[in-house]
Amino acid sequence: MRLDQYLASSTGLSRKDAKKAILAGRVTVDGEICRQSNRHLEETPSVGLDGQPVLMPGELYLMMHKPAGVLSATTDSSQPTAIDLLPGHLASRVHIAGRLDKDTTGLLLLTSDGQWSHRVTSPRRHCPKTYRVTLAETLPESARQALEQGVLLKGENSPTRPATASLCDADTLELTISEGRYHQVKRMLAAVGNHVDALHRVRIGEIALDPHLSPGEFRALTQEEIRSVTNGG
């Protein structure tokens, strides 16, 4: 598909106005300004207009670098939400697949595809999620092993599923869990006598947070990233 055709189809601009925007340097392809209206786009182009991603009509699949202080919610009367960070034409079409606490940062997935998001969030699928945890205290080896084997959370009758826990440095832990109990990571660290000072999600399944996204920024998922969930069982 030609760039001007893609732009017109995905924004509602006329073909003439799309060409004007391209010639004016307002359009990027894969992060680079492109002034060629007739440029042929590959299967999964990354197109931007005035710094905002431009997506073709159809199902939407986005990743966002969620900042601290933002709710994982569609709307809230008094506090900013992740949806508020999207332009209106996208915000009205997507929902969040796998929420984060207000003070937790990192990878957030948003989509218009309910079946796809169910694959991410369904407890039956045990989709692994990886967090970088800043700890209040150094974690003893015995506590790290306990996290991997499963710990009993306060007020619950069954231990957590086996996890993967590796220390990045004295007070930073990378923890991968495959379930989604309420405030699970914070409660797991409390169960081994520690405290979470900061929490950042870096991966869901095979989808890793794009290191080029600053807090509050987002991009479309690649076809490979989308299929990694669909093919995950």
Side-chain angles (χ1 to χ4, degrees), residues 1 3 6-13 26-32 34 41-76 79-122 125 127-132 180 199-232:
M1 180 182 292
L3 178 57
Y6 181 98
L7 198 64
S9 298
S10 54
T11 63
L13 292 174
R26 296 168 55 198
V27 178
T28 58
V29 177
D30 295 331
E32 301 290 336
C34 180
L41 300 177
E42 300 299 327
E43 179 186 358
T44 56
S46 175
V47 178
L49 173 64
D50 297 330
Q52 295 293 334
V54 175
L55 306 173
M56 283 292 286
E59 298 289 11
L60 296 176
Y61 306 89
L62 309 174
M63 75 161 61
M64 176 183 289
H65 184 165
K66 178 191 164 306
V70 171
L71 298 179
S72 293
T74 303
T75 59
D76 189 88
Q79 300 182 77
T81 72
I83 299 294
D84 293 335
L85 300 176
L86 299 173
H89 69 285
L90 298 180
S92 62
R93 296 178 56 195
V94 298
H95 61 271
I96 295 167
R99 299 174 183 272
L100 289 173
D101 295 340
K102 180 180 178 181
D103 59 345
T104 301
T105 61
L107 177 61
L108 198 64
L109 298 179
L110 307 100
T111 183
S112 59
D113 186 341
Q115 186 175 8
W116 187 87
S117 64
H118 179 73
R119 290 177 176 269
V120 175
T121 60
S122 173
R125 296 188 179 272
C127 179
K129 299 172 181 66
T130 301
Y131 297 84
R132 188 170 66 242
L199 190 58
H200 180 80
R201 186 160 65 193
V202 296
R203 181 180 291 271
I204 298 174
E206 297 180 27
I207 304 174
L209 178 62
D210 190 327
H212 297 104
L213 290 179
S214 298
E217 292 184 338
F218 68 96
R219 69 160 172 81
L221 296 185
T222 66
Q223 287 299 314
E224 183 178 0
E225 289 167 336
I226 296 168
R227 283 194 294 265
S228 74
V229 171
T230 304
N231 298 337

* Let me see the working for Leu110 and Ile83 under side chain to side chain contact (heavy atoms under 4.5 Å, CB included), right down to the final yes or no. => CA-CA 9 Å; Leu110 307 100; Ile83 299 294; 3.7 Å; yes
State, with a plain yes or no, whether a side-chain heavy atom of [X] is found less than 4.5 Å away from one of [Y].
X      : Y      : answer
Val70  : Asp84  : no
Tyr61  : Ile207 : no
Leu86  : Leu62  : yes
Val94  : Thr111 : no
Arg201 : Leu209 : no
Leu41  : Leu3   : yes
Ser72  : Lys66  : yes
Leu100 : Leu199 : no

* To do: Answer yes or no: are there more than 12 heavy-atom neighbours, outside Gln79 itself, under 6.0 Å from its atom CD?
  =>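 Above 12, so yes.
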* So with a 6.0 Å cut-off around CZ of Arg132, is the heavy-atom count from everything else above 12? ->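 Atom CZ in Arg132 is not crowded, with 12 or fewer foreign heavy atoms closer than 6.0 Å.
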Rounded distance (nearest 0.5 Å) linking atom [atom1] of [X] with atom [atom2] of [Y]:
X      : Y      : atom1 : atom2 : answer
Leu60  : Leu221 : CG    : CG    : 10.0 Å
Leu49  : Arg26  : CG    : CZ    : 5.0 Å
Glu217 : Met64  : CD    : CE    : 10.0 Å
Gln52  : Thr28  : CD    : OG1   : 10.5 Å
Asp210 : Phe218 : CG    : CZ    : 13.0 Å
Leu108 : Leu213 : CG    : CG    : 12.0 Å

Grab the two heavy atoms, one from [X] and one from [Y], that are nearest each other, plus how far apart they are.
X      : Y      : result
Ile96  : Ala73  : CD1-N, 3.5 Å
Ser112 : His95  : C-CE1, 4.1 Å
Cys127 : Gly205 : SG-N, 3.8 Å
Glu59  : Arg93  : N-NH2, 4.5 Å
Pro67  : Gly216 : CG-N, 3.6 Å

* Carefully, step by step, assess Leu109 and Met63 under the rule side chain to side chain contact (heavy atoms under 4.5 Å, CB included). => CA-CA 5 Å; Leu109 298 179; Met63 75 161 61; 4.1 Å; yes
* **Centroid-centroid distance, His200 to His65, less than 6.0 Å** =>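 Close enough - the centres of the two rings lie under 6.0 Å apart.
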* Is it true that a side-chain atom of Ser122 and a backbone atom of Arg119 form a donor plus acceptor pair closer than 3.5 Å? ->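 It does not hold such a pair.
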* **Heavy-atom donor-acceptor pair, Trp116 side chain to Ile226 backbone, under 3.5 Å** =>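 Indeed, once roles are kept as given, a pair shorter than 3.5 Å links the two residues.
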* Asked: How far apart are the C-alpha atoms of Tyr6 and Val29, what are their side-chain angles, what is the distance that settles it, and do they pass the side chain to side chain contact (heavy atoms under 4.5 Å, CB included) test?
  -> CA-CA 11 Å; Tyr6 181 98; Val29 177; over 6 Å; no
